[in-house]
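Notes for the one structure printed next.
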Number of protein chains: 2
Amino acid sequence: MAKLDESLLTGLPPFSQLERPQIRAILDEAISRRYDEGKAIFREGFDADHFFLLLDGFVRVSRATETGEQVIVLHISPGQLFGIARALQRETYPATAIAAAESIVLSWPMRLWGPFIDSYPSFAAESYKTVGLRLGEIQASLTEMATKAVEQRVAATVLRMANQSGRKTEDGIEIAFPITRENIADMTGTTLHTVSRLLSGWQKQGIVKSTRKHVVVTDPHRLVVLSQSNS
Amino acid sequence: MAKLDESLLTGLPPFSQLERPQIRAILDEAISRRYDEGKAIFREGFDADHFFLLLDGFVRVSRATETGEQVIVLHISPGQLFGIARALQRETYPATAIAAAESIVLSWPMRLWGPFIDSYPSFAAESYKTVGLRLGEIQASLTEMATKAVEQRVAATVLRMANQSGRKTEDGIEIAFPITRENIADMTGTTLHTVSRLLSGWQKQGIVKSTRKHVVVTDPHRLVVLSQSNS
DNA sequence: CGCGCGTTTGAAATTGTTCAAGACCTGTGG
DNA sequence: CCACAGGTCTTGAACAATTTCAAACGCGCG
């Protein structure tokens with residue numbers, strides 16, 4: 001396998017304060033791999049034997065219920081660590097990670113977790129910070145689900161994705177990975193039918209523009225209003 | 001202030017592998033305090049200047065929405081650490097903690113967090129494990145909210161509280177702290193009216209027995225069935 | 001160019017909320 | 001010791017939001 005280039009990691013928070021040779025050592029232990037859209041990176045309940053860094057693409061993290069339904073918990077953007085179950089003393093992955101778009105992922109065997117944490121303070125700090133941010137995000141979803149009506153939840157969810165992983169286009173902010181009505185339904189605890197109706201309605205009002213597996217937010221401000229109104 | 005007795009901590013996971021003098025040192029830094037039912041221990045958004053251990057009683061952890069509604073995220077039982085925002089590199093508390101029943105709490109100033117983590121491996125491990133368990137619990141709530149109907153959510157929630165902090169009585173398992181219909185509604189994202197109707201119905205069927213601020217599960221098995229049925 | 005997945009849309013059915021009113025406890029103060 | 005006040009719980013009825021069921025459409029990949 002060709003050597004990975006050091007510039008891959010130099011800008012990223014977990015490695016920001018490290019010297020060249022340290023980054024070199026870290027990279028030499030890493031395996032790089034490409035995942036096609038829809039391919040699983042790891043699955044809920046399985047042995048947590050690796051941890052990961054997303055270099056490019058997007059990853060969808062979901063949990064399944066006993067009855068087979070799935071709930072999408074969050075999305076991972078490039079530059080983020082994931083599959084860091086060990087940070088929480090877990091032996092197994094608590095959720096399933098699937099490539100939402102074609103993705104490039106670095107991975108390390110979990111036995112390096114301890115050494116990394118001990119040797120690289122910025123790696124430890126960033127890991128725990130990441131966990132904290134995700135916990136916050138999940139709590140935010142939970143409170144939304146508990147207090148907001150469906151339209152507000154969908155608006156808030158679309159908005160969050162546009163903010164976290166949107167890219168600007170001439171029409172507005174476009175969610176940067178393929179996403180179906182059903183995906184959005186799985187994030188908001190509703191049905192694809194309801195999501196379809198909502199998006200259609202918003203499109204008529206010029207708030208969003210959407211095509212197959214694709215959503216562009218053209219009027220973020222009005223979407224914010226929608227996500228907050230409790231009438 | 002009277003010296004705290006070392007036996008308070010000896011049985012608890014965070015301190016289980018420590019020697020007598022270490023526990024003595026930890027206790028000498030701690031402040032013990034009693035909180036009446038309903039009193040806040042810390043509030044969301046405030047400076048995270050202390051971390052806590054619940055010795056006796058129960059603590060309700062909740063978040064508020066911009067519009068003033070509150071969502072109860074989880075309950076803390078005796079022996080557990082809480083307010084450990086620093087484990088996640090946070091500067092402020094991400095939620096509000098209120099005594100659900102009269103409670104006895106130990107607290108330490110947050111400046112001791114680093115030293116504790118560095119000096120006592122079992123404390124570090126237990127802290128992160130606690131975070132992991134809570135994350136799991138919140139994720140479970142989230143998937144429940146997203147996939148289950150109200151009756152199933154309420155059944156699952158009552159069951160969870162009975163399991164985590166119930167005590168056996170001759171009638172069945174009793175939730176060990178005062179809890180109103182409205183509290184349960186705030187946990188499940190519904191209204192106190194609906195909760196009241198459900199509990200009344202279950203009581204007629206002999207599944208639970210409830211009085212003011214008080215719930216006893218008399219037939220856990222049927223409640224499990226209810227919490228899972230998707231008919 | 002055709003097929004399949006993703007999407008749209010109506011209508012009926014249903015679940016849960018909202019509104020409204022009253023009953024019931026329990027601790028407090030006279 | 002009793003009455004009262006405030007918080008808690010119950011229940012009916014109307015209503016609204018969302019799901020379910022059903023059918024059809026159409027874009028885009030292979």
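Within every chain, numbering begins at 1; the chains are lettered A, B, ... in the order of the sequence lines, protein sequences first and strands thereafter.
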Donor-acceptor pair present, A:Arg212 side chain and C:dT8 base, under 3.5 Å: no
N/O (side chain, A:Thr211) to phosphate O (OP1/OP2, D:dC27) under 4.0 Å: no
Length of the NZ-C1' vector between A:Lys213 and D:dC27, whole Å: 12 Å
A:Thr169 and A:Arg167: side chain donor to acceptor below 3.5 Å: no
Distance in angstrom units between B:His214 NE2 and D:dG7 C1', rounded: 18 Å
Heavy-atom side-chain contact between A:Arg86 and A:Phe51 under 4.5 Å: no
Shortest non-hydrogen contact between A:Ala185 and A:Leu192, atoms and distance: CB-N, 3.6 Å
Under 3.5 Å side-chain donor-acceptor pair for A:Thr180 and A:Glu182: no
Whole angstrom value for the distance that separates P of C:dT8 from NZ of A:Lys204: 10 Å
Most 5' of B:Thr190 and A:Gln203 on DNA chain C, judged by nearest nucleotide: A:Gln203
Distance, rounded to the nearest Å, where A:Arg197 contributes CZ and D:dC21 contributes P: 13 Å
Steps toward side chain to side chain contact (heavy atoms under 4.5 Å, CB included) verdict (A:Trp202, A:Glu151): CA-CA 10 Å; A:Trp202 294 344; A:Glu151 181 169 27; 3.2 Å; yes
B:Glu151 CD - C:dT17 C1' separation (whole Å): 16 Å
Donor-acceptor pair (no angle test) under 3.5 Å: B:His193 side chain, D:dT11 base: yes
Atom pair distance, as rounded to whole Å: CE in B:Met145 and P in C:dT15: 19 Å
Sugar-phosphate only, base, or nothing, as touched by B:Ser196 at under 4.0 Å among non-hydrogen atoms: base
Any A:Arg181 side-chain N or O less than 4.0 Å from OP1/OP2 of C:dT7: yes
Below 4.0 Å: OP1/OP2 of D:dT11 and any side-chain N or O of B:Ser200: yes
Interatomic distance, A:Asn183 CG vs C:dG6 P [rounded to whole Å]: 9 Å
Residue mapping more 5' on DNA chain D - nearest nucleotide basis, A:Thr191 or B:Leu199: B:Leu199
Sugar-phosphate, base or nothing in reach of B:Leu192, heavy atoms under 4.0 Å: nothing
side-chain N/O B:Thr194 vs C:dT17 OP1/OP2, d < 4.0 Å: yes
Atom-to-atom span, CD of B:Glu37 to P of C:dG27 - whole angstrom: 11 Å
